[in-house]
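Notes follow the structure.
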Amino acid sequence: MAPKRDKDRRIISCLQCFRPQEMLPNHLLRVCMKDQTNEERNTEVERAKKSMKAWTLRGRTWDYNVMVKRYPDEASRQALLEDLREMHFLILNDPMEAQAESSHRPPGAAVETRNKRLAQPTLQDCQRVLRVSQADMLDIHRKLLDQQHVEEDQRTLFRYFCEAILVLRYFQRPEAVKAFKASDWINKRNVDGRIHMEVQSTKQSATFSLTEEDSAMLDAYFQKIRPGCLQDSVDDQGRFFLSKQGLPVGNVTSDLRRLHEQYELPKCSSQQARRAQSTMACSSSDEPADERRVRKQKRGRGAADQYDRDFGAFLLQFPATASSSPPTKKKRTAAGFPSDKVFYNRWRSMQFAKREEYLSSQCSRRPPTFSKVSLLIQKEGWTGNCPRPEDIVAKWRPVTRVQVESDPWIITKIQNQKWTGLALKDFGSKGQGVVATKAFAMGSIICDYHGKVITGAEGRKSVESIKGDTAYLFFFQAAGRDLCVDAETFPCECHPTENTMGRMINHSSKRANLRPVHCMMNFPEGQRDVILFQAKRDIHLCEELLFDYTASSANLFEEKQ
């Protein structure tokens with residue numbers, strides 16, 4: 001008998017919720033168009049297919065010659081080109097990097113480039129960009145720790161600097177920096193005042209020891225910048241360095257080149273740095289007196305970019321927080337900003353959104369009342385520029401069982417076992433556990449307890465055969481059924497290459513921050529019993545995830561809608 005072949009499933013985006021779907025007809029039937037007729041759903045499927053075909057023919061393909069006319073600024077165009085390549089777009093007339101640069105070089109630049117290649121840079125030359133950019137990076141580091149506003153391009157530049165630290169100062173290969181994972185950082189050790197690191201994600205594990213100063217830079221990126229890049233719909237693969245889209249950094253060498261371009265310094269590769277380190281006993285001394293630091297002026301796209309930069313400076317002078325006072329006209333003009341209300345009105349809009357977010361976060365578990373929201377506003381002392389209590393009450397939405405059981409994001413995560421924001425940490429004698437690499441709000445679905453669902457009798461029989469060792473079995477009752485999730489077999493048959501995190505979460509009856517929840521998830525092939533872990537409270541970055549092994553997995557969602 002011929003083996004059964006999998007069906008050819010093509011990803012088609014739903015034009016109702018704008019999310020990619022493997023089985024669009026089933027998705028429309030269960031989620032987006034469950035109240036419509038079959039004819040309407042079939043029409044929507046055809047419309048989505050035509051849209052996907054049109055995007056494949058036209059939207060996915062870019063012409064570099066058109067990009068040159070549309071984006072005359074070379075730096076912006078090259079950055080866009082790199083982003084499109086990372087997202088696997090098709091580029092027509094895509095030039096080689098050297099050819100693209102040579103078209104903008106002045107006469108004689110090629111000869112100068114060849115002469116530079118003949119002269120092997122010293123270790124001091126290779127590390128010059130770290131010295132030149134250090135003052136700027138320390139300023140960004142201070143703003144991050146003080147929770148001040150930091151522009152998006154400054155955050156990206158800070159990431160480049162952290163990557164350059166590992167490549168140019170600790171001579172790590174770009175492949176090792178690219179494979180650097182958040183779990184590697186969480187498991188770092190302090191050895192005699194040095195932060196000892198082991199990158200276990202590469203074929204040849206990398207080992208190095210950071211100074212406390214360099215460790216503080218990487219920790220600021222990990223705690224203040226990286227969480228803002230994480231997106232639930234994007235698989236970050238647990239990597240330490242992420243792009244602003246939440247994807248793992250694809251080309252460390254390109255990031256290093258952009259850092260050198262920012263300060264108008266000659267490009268230095270990781271290979272040159274390792275070669276200089278092996279042939280010369282040079283230390284990263286202070287910058288020579290005759291070395292003048294040159295700052296490259298920001299390249300923008302016009303007046304809109306200048307407006308955003310000016311408003312960024314306005315936010316640095318007058319941070320828009322939920323509790324800050326609005327800047328008066330006298331203060332604005334004294335600080336050198338226009339006397340009109342353009343920046344002032346935008347500032348108030350940002351503060352209004354922060355206050356709305358704060359009030360909603362205080363009422364995330366149960367529906368708020370008018371009196372409770374009014375009391376919160378009164379307690380904060382807000383007399384103006386804040387949401388009305390009735391608006392907060394009207395906008396509140398609980399997490400319902402129906403929403404969770406049909407949520408395509410949760411279903412996808414269960415299927416591929418690539419939950420974001422989780423990493424394994426070695427706790428010594430306690431063994432391994434799971435920690436959060438981003439903050440989770442109360443009520444968030446963290447991950448599932450993944451395994452084969454068997455009967456309770458089969459699970460108890462397995463416990464007897466284990467003979468006292470730790471059993472990765474989760475017993476629960478559902479609709480009168482006695483069931484058990486068997487996670488004893490690792491790796492599981494359906495995910496032989498993935499590390500299922502739920503089975504590694506440790507027990508605590510007093511400090512548990514997760515609760516197990518039973519759901520009947522609506523998978524394309526049918527319903528299935530699943531145990532999900534839900535945050536009992538707000539969970540902070542680097543906090544260990546714990547749940548009570550003796551807790552019942554009964555329905556813990558709010559029943560009142």
Below 6.0 angstrom between ring centroids: does that apply to Phe158 and Tyr160? no
How close do Pro387 and Phe352 get, counting heavy atoms only, and between which atoms? N-CE1, 3.5 Å
Between Leu514 and Gln534, is a side-chain contact (heavy atoms from CB on, under 4.5 Å) present by the stated rule, with each step listed? CA-CA 5 Å; Leu514 301 180; Gln534 186 182 31; over 6 Å; no
Show, in sequence, the C-alpha distance, side-chain angles and deciding distance for Phe241 and Cys229, and conclude whether the side-chain contact (heavy atoms from CB on, under 4.5 Å) test is met. CA-CA 10 Å; Phe241 291 112; Cys229 300; over 6 Å; no
Return all side-chain donor-acceptor pairs below 3.5 angstrom for residues 26-33, not counting sequence neighbours, or 'none' if the list is empty.
residue: Arg30; atom: NH1; partner: Phe523; partner atom: O; Å: 2.6

Going by atom types alone, do Asn416 and Glu498 pair a side-chain donor with an acceptor below 3.5 Å? no
Between Asp482 and Arg460, is there a salt bridge with N-O shorter than 4.0 Å? yes
Between Asn513 and Glu544, is there a donor-acceptor pair closer than 3.5 Å when you use the side chain of the first and the backbone of the second? yes
Flag the pair Tyr221 / Phe240 as yes when their ring centroid distance falls below 6.0 Å, and as no otherwise. yes
Mark yes or no for whether Arg258, through its side chain, and Leu157, through its backbone, hold a donor-acceptor pair below 3.5 Å. no
Just by distance, do the side chain of Asn42 and the backbone of Asn38 share a donor-acceptor pair under 3.5 Å? yes
Enter the distance from Phe547:CZ to His507:NE2 here, rounded to the nearest 0.5 Å. 9.0 Å
Atom pair CD1/CD1 of Ile140 and Ile225 - distance to nearest 0.5 Å: 7.5 Å
Between Glu405 and Cys519 (side chain of the first, backbone of the second, donor and acceptor by atom type, cut-off under 3.5 Å), is there such a pair? no
The test is salt bridge (Lys or Arg N to Asp or Glu O under 4.0 Å); show your working for Arg159 and Glu163 and say whether it passes. CA-CA 6 Å; Arg159 189 194 82 210; Glu163 295 175 25; 3.0 Å; yes
Count the heavy atoms belonging to other residues, nucleotides or ligands that lie under 6.0 Å from NZ of Lys379, then report whether that count exceeds 12. no
For Ile411, is there any backbone N or O sitting under 3.5 Å from a side-chain donor or acceptor partner on Asn522? no
OH of Tyr449 to CZ of Phe474: how many Å apart, nearest 0.5 Å? 8.0 Å
Side chains of Ser51 and Arg47, heavy atoms from C-beta outward: is any pair under 4.5 Å? no
With a 4.5 Å heavy-atom cut-off, do Ile454 and Leu483 have their side chains touching? no
Presence of salt bridge, Lys452 and Glu493, under 4.0 angstrom: no
Please confirm whether the backbone N or O of Ile414 pairs with a side-chain atom of Gln417, one donor and one acceptor, at under 3.5 Å? yes
Does any donor atom in the side chain of Asp426 or Gln432 lie under 3.5 Å from an acceptor atom in the other side chain? no
Expected output: side-chain Gln148 to main-chain Pro319 donor-acceptor under 3.5 Å: no
Taking Thr321's backbone N and O only, do any of them form a donor-acceptor pair with Gln351's side chain (distance below 3.5 Å, no angle check)? yes
Measuring from Leu422:CG to Met501:CE, what's the distance to the nearest 0.5 Å? 6.0 Å
Is it the case that the side chain of Trp419 and the backbone of Gly502 share a donor-acceptor pair, with hydrogens and angles ignored and the cut-off at 3.5 Å? no
Using 30° and 60° as the class limits, which term best fits the ring planes of Phe180 and Phe208: parallel, tilted or perpendicular? perpendicular
For Arg239, is there an ion pair with Asp236 - N to carboxylate O distance below 4.0 angstrom? no
Any salt bridge between Glu464 and Lys461, counting N to O under 4.0 Å? no
Hey, are Arg388 and Glu390 close enough for a salt bridge, meaning a charged N less than 4.0 Å from a carboxylate O? yes
Would you mind reporting whether Ser13 and Phe18 have side-chain heavy atoms less than 4.5 Å apart? no
Quick check against the 3.5 Å criterion: does Glu198 have a side-chain atom that pairs as donor or acceptor with the backbone of Thr207? no
Counting only heavy atoms from other residues, nucleotides and ligands, does the tally under 6.0 Å from CD of Gln147 exceed 12? no
Nearest 0.5 Å, what's the CZ-CD1 distance between Phe476 and Ile531? 4.5 Å
Which atoms form the tightest heavy-atom contact between Arg355 and Ser324, and what is the distance? NH2-O, 4.0 Å
Do other residues, nucleotides or ligands put more than 12 heavy atoms under 6.0 Å from Lys354 NZ? no
Taking atom CD as the centre, does Gln36 end up with more than 12 heavy-atom neighbours from other residues, nucleotides or ligands that are less than 6.0 angstrom away? yes
In this structure, CD of Gln21 is separated from CD1 of Ile12 (nearest 0.5 Å) by 10.0 Å
Heavy atoms from other residues, nucleotides or ligands near NZ of Lys188 exceed 12 (cutoff 6.0 Å): yes
Using a strict cut-off of less than 4.0 Å between a Lys/Arg side-chain nitrogen and an Asp/Glu carboxylate oxygen, indicate whether Lys181 and Asp184 qualify as a salt bridge. no
If you count heavy atoms of other groups shown closer than 6.0 angstrom to NZ of Lys438, is the number above 12? yes
